[in-house]
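Everything below concerns the one structure shown next.
Letters go in sequence order (proteins before strands), and every chain restarts at 1.
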Amino acid sequence: VPGWDEEVNLEKDPAVVPDPETTPVPDELRQQIEAAMARYPDRHSAVLPALHAAQQLHGWLSPEAVDEVAAVMQVTPAYLTSVATFYDMLETEPQPKGHHDVYVCTNISCSLRGADEFYEAMIAAAAEHPGIHVREFECLGACDIAPMASVDGEYVGPLEDEDAATIVDDLGAGRPVLEAKQLRYRKCAGPGVAQDASQFGPDEEHA
Amino acid sequence: MKLLFDRIDEPGLNALLVYERRGGYESLRKALGMSPNEVLTEIGDSGLRGRGGAGFRMGQKASFLPHGGMEKYLVCNADESEPGTFKDRELMQKSPHMLIEGIAIATWAAEIDHAFIYIRGEYAHQADILEGAIEEAYEAGYLGERLLDSNHSLSLVLHRGAGAYICGEETGLLDSLEGKRGNPRLKPPFPAIEGLYDRPTLINNVETLCTVPHIIRMGGNEYAKIGTETSTGTKLVSVSGDVQRPGNYEIELGVPSREIIYDLAGGPPDGHRIKFWFPGGSSAPVLTEDDLDVPYDFDSMAKAGSMLGSGAIIVVDDSHSVLEVALKVAKFYAHESCGKCVPCREGTNWTVKMLQRIESGEATPMDLDIMAGVQEQIIGHCLCVLGDAMAMPIGSMIEKFRDELEQDIEAARERFGAGELEDVIPIGVADREAGPMPVH
């Protein structure tokens with residue numbers, strides 16, 4: 001949490017619910033938050049979608065970003081910060097706008113297959129690129145492609161150390177990352193699970 | 001026998017048209033022609049046990065909810081974060097309508113008209129697919145007001161988490177869904193009485209709900225013939241770690257574990273032997289090569305001293321040390337502990353520190369006793385089972401691999417020149433039960 005070690009200014013009033021009149025909020029963000037609030041019986045349930053949206057816009061949950069969400073949702077910034085610091089995907093440390101997130105899973109199944117080495121390689125490959133944020137992550141739920149990583153939400157694996165450089169190159173070029181290793185194209189492990197088009201029966205035109 | 005994974009890889013199955021063509025939503029139609037109580041009876045007769053980890057009977061859980069018209073909720077737990085588990089991901093990505101159909105039937109049975117899917121934030125691709133599927137289902141009248149002209153109305157909202165293991169715990173999940181930090185709640189009251197927004201709430205795992213349409217199609221009694229008497233049906237098993245073909249496999253409950261690990265997943269790499277394996281995610285006490293013939297079902301696993309959990313088998317072969325895996329497990333739970341209960345918050349952190357002492361050559365064999373004692377003091381002493389989830393595997397590793405850990409201690413002491421054990425231990429060790437070594 002930024003500023004946790006700074007001295008508290010006791011003269012200052014505690015943060016209050018920001019006044020919507022005086023807190024400018026980008027229209028797009030306001031619409032996203034309001035739409036989220038409308039989906040739930042209780043508007044507080046929209047905290048996570050709202051913080052996700054603000055982070056998407058600002059790159060991280062800066063004090064300004066939190067204030068904007070607080071103004072729309074009419075809750076205190078302190079409440080939102082307490083929630084933001086709980087979750088690993090919500091960034092409370094400064095990150096550049098539009099940065100790329102590379103989450104490397106280093107949990108058991110991945111580390112048994114060399115994830116710790118890949119993590120080192122990934123850190124080294126991204127060292128010169130401030131727009132690529134590499135971090136270790138809890139089990140991402142893709143142990144079938146271990147070791148694996150999530151690059152801006154796209155799951156890729158099984159990874160070898162050389163793939164770290166390719167990830168950096170692909171992100172730089174704006175290409176799909178490691179397309180051949182993306183989880184979305186992976187078939188079920190089988191056996192006994194039909195995988196050939198011929199096994200699915202006659203009408204295949206919607207394939 | 002394939003139920004959930006029958007045709008799972010058919011291209012386009014995640015689209016409504018293909019799903020319908022394969023008999024999709026027929027079970028919903030059938031269920032809506034029955035009374036809620038009849039549907040509940042079918043689910044009860046099937047003997048279906050929760051696939052998320054606890055293995056509680058779904059029919060029984062649903063029957064705990066108060067009857068009659070009131071605000072009630074169903075929450076589908078799609079926060080699959082137990083290390084080693086990745087079965088729900090495959091279901092949601094490839095057959096999202098099966099889940100929606102299951103939710104529509106379960107809510108009819110329990111007379112609920114608002115449902116949520118809480119999906120972990122990391123599953124972005126799967127969440128996008130589900131969102132598209134939900135939209136399709138609304139348009140086709142499988143969701144919304146008066147489904148298929150019946151008396152059942154249902155709204156379904158997809159909620160994305162933001163990366164916290166504890167949100168897979170049902171009450172932590174509810175707090176998170178209410179927009180708070182995902183701290184578990186004191187039980188009772190159980191969610192079936194006071195859950196989301198303090199209203200009765202039914203919480204079920206993705207795989208459990210995906211099974212419901214199959215139960216309605218086959219009939220509960222017919223479904224109960226699959227598997228064993230107390231563990232009915234098929235189960236998706238995620239096999240990972242040191243095996244040649246990691247992946248999801250659908251098995252009939254009660255097959256020997258060896259069949260899953262060797263015949264399906266190919267066993268450990270050539271030239272290696274299995275050292276130990278987690279039968280139900282990293283929270284499960286470890287089993288060894290000797291336990292490979294134990295049938296893979298809820299009760300046999302419990303009898304063998306472990307648990308079936310989420311159905312995630314993690315295999316560790318002889319090229320890895322117990323210490324290395326124990327440290328990974330402990331670090332994970334220390335990081336994910338929400339900090340609400342002291343035994344878990346402190347116990348997980350101190351276990352990490354004690355394991356690191358072994359690595360750095362500072363430990364003595366007595367540390368193993370202290371560590372085992374700490375695990376015992378965590379189990380059963382917290383609001384949720386996150387602490388237990390570390391204590392059970394770590395405790396079992398100390399118990400089953402004490403010799404290896406003692407060798408590690410000695411080897412590390414030698415490496416770092418920490419001195420002979422006889423020189424460090426002597427002072428009144430016999431009457432000491434716990435606590436740090438005296439400085440002298």
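Among B:Q93, B:E80, B:H114, B:E71, the residue making the largest number of heavy-atom pairs under 4.5 Å with chain A is B:Q93. Top candidate by heavy-atom pairs under 4.5 Å with chain A, chosen from B:G247, B:P246, B:A164, is B:P246. Taking A:V47, A:D144, A:V75 one by one and counting their heavy-atom pairs under 4.5 Å with chain B, the maximum is reached by A:D144. Of the listed residues (B:G339, B:G182, B:A265), the greatest number of heavy-atom pairs within a distance under 4.5 Å of chain A belongs to B:G182. Among B:A162, B:G163, B:G241, the residue making the largest number of heavy-atom pairs under 4.5 Å with chain A is B:A162. Looking only at heavy-atom pairs under 4.5 Å with chain A, the residue among B:L177, B:V325, B:V315 that has the most is B:L177. For the set B:I314, B:L13, B:V329, the entry with the most heavy-atom pairs within less than 4.5 Å of chain A is B:I314. For the options A:R186, A:H44, A:R113, A:E138, heavy-atom pairs under 4.5 Å to chain B are most numerous at A:E138.
Nearest heavy atom pair, residue B:G84 against residue A:C139, reads N-SG, 3.5 Å. Listed here is the closest heavy atom pair of A:D88 and B:E336: OD2-OE2, 3.7 Å.
Atom-to-atom distance recorded for A:S109:OG and B:F86:CZ is 7.0 Å, nearest 0.5 angstrom. Taken from SG in A:C188 to CD in B:E90, the straight-line distance is 4.0 Å, to the nearest 0.5 Å. The line from CZ of A:R184 to CG of B:D128 is 8.5 Å long, rounded to the nearest 0.5 Å. Considering OG of B:S240 and CD1 of A:I108, their distance stands at 8.5 Å, rounded to 0.5 Å. Rounded to the nearest 0.5 angstrom, A:Y87 OH and B:R181 CZ are separated by 8.5 Å. Interatomic distance, A:D42 CG to B:E178 CD, rounded to the nearest 0.5 Å: 7.0 Å.
Both the backbone and the side chain of A:P41 have a heavy atom closer than 4.5 Å to some heavy atom of chain B. For B:Y197, the part lying under 4.5 angstrom from a heavy atom of chain A is the side chain only. Looking at B:Y123, the atoms closer than 4.5 Å to chain A (heavy atoms on both sides) sit in the backbone and in the side chain alike. Contacts of B:T85 with chain A are made by backbone atoms alone, with heavy-atom separations under 4.5 Å and no side-chain atom involved. Contact of A:A146 with chain B is not made at all, since no heavy-atom distance falls under 4.5 Å. Only the side chain of B:K94 comes within less than 4.5 Å of a heavy atom of chain A; its backbone N, CA, C and O stay farther away. Proximity to chain B (any heavy atom under 4.5 Å) is shown, for A:L140, by both the backbone and the side chain. Both the backbone and the side chain of A:S82 come within less than 4.5 Å of a heavy atom of chain B. Using a 4.5 Å cut-off between heavy atoms, B:L156 makes no contact with chain A at all.
Contact check on A:D116 versus B:K328 returns a salt bridge, with a Lys/Arg side-chain nitrogen under 4.0 Å from an Asp/Glu carboxylate oxygen.
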Candidate pair A:F86 and B:S176, rule side chain to side chain contact (heavy atoms under 4.5 Å, CB included), full reasoning: CA-CA 10 Å; A:F86 190 83; B:S176 178; over 6 Å; no
Stepwise side chain to side chain contact (heavy atoms under 4.5 Å, CB included) check, B:Q126 with A:L183: CA-CA 11 Å; B:Q126 290 73 17; A:L183 175 75; 4.2 Å; yes
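For B:E135, the CD atom counts as loosely surrounded, since its 6.0 Å shell holds 12 or fewer non-hydrogen atoms of other residues, nucleotides or ligands. Applying the 6.0 Å contact sphere to CD of A:E28 captures no more than 12 heavy atoms from other residues, nucleotides or ligands. By the 6.0 Å contact criterion, CD on A:Q56 is open, its count of non-hydrogen atoms from other residues, nucleotides or ligands being 12 or less.
Applying the ring pair (Phe, Tyr, Trp, His ring centres under 6.0 Å) test to every pair with at least one member in residues 136-165 of chain A, sequence neighbours left out, gives these pairs: A:Y103-A:F137.
Ring-plane geometry between B:H159 and A:Y40 is classed as perpendicular, the angle between the planes exceeding 60 degrees on a 0 to 90 degree scale with a lower cut at 30.
A:R39 and B:S155 are not linked by any side-chain donor-acceptor pair at a separation below 3.5 angstrom, with hydrogens and angles left out of the test.
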